[in-house]
2 protein chains.
Amino acid sequence: MPLHHAVMALLADGPSHGYELKGRFEEAIGPQWGGLNIGHLYQVLDRLVRDGHVTRVHVAQSDRPDKNAYQLTGQGRQELREWATSPWVRTSGFRDELFLKLLGAARLGPEALAELVAAQRETYLADIGALTRLRRERGQEPLVALLIDAAVAHTKADLATVDSAEARLADVAHAAVMTGAECGSMDGMEPPGIPPGRRRFPPVEVRRQSRE
Amino acid sequence: MPLHHAVMALLADGPSHGYELKGRFEEAIGPQWGGLNIGHLYQVLDRLVRDGHVTRVHVAQSDRPDKNAYQLTGQGRQELREWATSPWVRTSGFRDELFLKLLGAARLGPEALAELVAAQRETYLADIGALTRLRRERGQEPLVALLIDAAVAHTKADLATVDSAEARLADVAHAAVMTGAECGSMDGMEPPGIPPGRRRFPPVEVRRQSRE
DNA sequence: GTACTCCTGCATTGTCGCAATGTAAGGGCG
DNA sequence: CGCCCTTACATTGCGACAATGCAGGAGTAC
C-alpha cells in the first residue's frame, strides 16, 4: 500500500526521523496493521525527499548515533491535504486471494472445494478471535478501535462468503471433475502440439468489455 | 496479488499460451477483478517455468505468429492442489488505504475528516451501484456471482465504517487542530536542530509489544 | 504498404522483507 | 581499569515480486 502519504500525515505533527516514525506509525495505526518494515520506511522517505514533499536534515548527536530529520515541505503539506480529503477510489478491481483460491479449488473438484472452505472458515474464526482480543487491549484509542472493528466486519463478510461458497459452486466443481481437470498423469513427455481434445475454451474469443 | 497459482489453476484444464490465458482468466474470474496485465502474466509464466511448475513448448504456426504453449507439470499440479485446498492466512495484517486516509484526515482536523467521509461515502455507493449492474449482466456464472456478492459485502462493510468514523473520531480530529497540525507556514528555511517546541512525541518511547 | 491483430518480451517503478552495518550506553568481571 | 557482551538506536543495501507500459516481430486483411 502507498505508505508515503501516511508518513506525511505523521510528519504533519512535526519533524521526525526514520526510527521514530516507525514508532509513531505503529502507535497511531494500531497492532492490526502489522509491523511496519523499517527498510521500507527509509525507501519511502527517500522517495518523498526526491519528490520534494519532504526535506532531510542531518543532525549530529553526541550521545547517540547521528540521525536524519525529515520535515514536511509546503508542497508536501498540500499534497497531504489533497490525498487525505479525497476518497480512495478502487483502481484495480476487487482483488482477493480468496477469490483465486475458490477458482482453483472449484476447478479441482468438490472435495477440494470442501477442504478449502472448511480450512478457510477456521482461519477466519481464529482471526476474529485475535481481533476481539486486540480490541480489548487497545480499544481505548478511537482510531485503533475503529480500524479493528472494520477488520472484524471484513472478516465476517468473508466468513459469510465462504459459508455460501460450497453450495453455490457445487455445479462448477462437479463439472470440473468431468472435463478432465482431475485426470492426473501426463507429467513429463506429452510432446508439443497441444492435444486438441478436451479443452473447454477452443480459440476462446477474448471479449473486451468497455471497462478500463 | 500472487497470480501464479491462479494461472496454474487455469492450466489444469489443459495447456495454453499467454494471450489465451488472459482470456480464460477474465472469463473465469469475472469483470469485478479488473483487467489482467499481459506483461505481468508473462513474468508469472517465466517464473513458473523457472520453478518447474510449468513447461514451455514453442509451437510454430503457419497462419499466425508462433506462440509458446505452457503446460502444467506433475510438480505444478501437486503445488496447485496444496495451494488451492489450504486456507489463505493473512500474513501482513489488515491493510487498507482507507485506514491511512482516516489517520491522515483525522490529524488534519474535523473539516478534513468530514470531507473525506462524505467523498468516500459517495465512492462506495457508486461502487455498489456498478457492482449491482455487473451482477445483472454476469450473474449467471456462479463463481462470478459469488465474487461480486463478496465485493458488495465488503463495500457495505466499508460504508458502515466511514459512516461511523466521523462521530467516533471527533475527539481525535479536534485534538489535532489544537496541537499545531494545522498551523501552516514553516515551509522553506527553518534550519536544522528540530524545533523542540510543539511536538506531541518528545522522545516517543517506542513500545514494542509482544506480537510478531 | 499500411493498418491491424496476435503474441511476446523488456524496462521501469513501487512494495516489502531481511540482513548487515555502525554507534553508543549499560552491565558484569578479573 | 580494560575487556566483552548485550541492548537500543539509526541507517543502508540487496533482492524478490507486483504491476504497468512500451516496443516490436510476425502475419492478415485491405
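Naming: A, B, ... by sequence-line order, numbering from 1 per chain.
The CG-P distance, from A:L21 to D:dT12, rounds to 14 Å in whole Å. The nearest whole Å value for the distance from the CG atom in A:L36 to the C1' atom in D:dA10 is 14 Å. Separating the CZ atom of B:F25 from the C1' atom of D:dA19 is a distance of 13 Å, rounded to the nearest angstrom. One atom, CG of B:L3, and another, C1' of D:dA16, lie 16 Å apart when rounded to the nearest Å. Distance A:D66 CG to D:dC9 C1': 12 Å, rounded to the nearest Å. Summarising the geometry, the separation between CD1 on A:I38 and C1' on D:dA10 is reported as 8 Å, rounded to the nearest angstrom. As a whole-Å value, the separation of B:E20 CD from C:dT8 P is 10 Å. Rounding to whole angstrom units, NE2 of residue A:H58 and C1' of D:dA10 are separated by 10 Å.
In terms of position on DNA chain C, the residue among B:T91 and B:Y70 whose nearest nucleotide sits closer to the 5' end is B:Y70. Toward the 5' end of DNA chain D, the nearer of the two residues B:G39 and B:P2, judged by each one's closest nucleotide, is B:P2.
For A:Q43 against C:dC16, a side-chain N or O and a base N or O form a donor-acceptor pair under 3.5 Å.
Contact annotation: B:R95 does not reach the phosphate of C:dT15 (side-chain N/O to OP1 or OP2, under 4.0 Å). For the pair A:Y42 and D:dT12, the criterion of a side-chain N or O lying under 4.0 Å from OP1 or OP2 is not met. Taking 4.0 angstrom as the limit, A:H17 places a side-chain polar atom (N or O) nearer than this to OP1 or OP2 of D:dA10. The side chain of A:R50 contributes an N or O atom lying less than 4.0 Å from OP1 or OP2 of C:dG14.
Among the nucleotides C:dG9, D:dA19, D:dT11, the one closest to any side-chain atom of B:H40 is D:dA19. Proximity note for B:N37 (side chain, C-beta onward) versus C:dT15, D:dC17, D:dG21: the nearest is D:dG21. Which of C:dG17, D:dT12, D:dA10 sits closest to the side chain of B:S92 comes down to C:dG17. Taking the side chain of A:R47 as heavy atoms from C-beta on, and the options C:dG14, D:dT20, C:dT8, the nearest nucleotide is C:dG14.
B:N68 comes within contact range of the sugar-phosphate backbone alone, with a heavy-atom separation under 4.0 Å but no base atom that close.
Taken from OG1 in B:T85 to CD in A:E115, the straight-line distance is 4.0 Å, to the nearest 0.5 Å.
At least one donor-acceptor pair under 3.5 Å links the side chain of A:T73 to the backbone N or O of A:H53.
Using modelled atom types and a 3.5 Å distance limit, the side chains of A:Q78 and A:W83 yield no donor-acceptor pair.
Salt bridge annotation for A:E137-A:R133: absent, with no cationic side-chain nitrogen under 4.0 angstrom from a carboxylate oxygen.
Both tests hold for B:R90 against B:F94: distance to the six-membered ring centre under 6.0 Å, angle to the ring axis within 45°.
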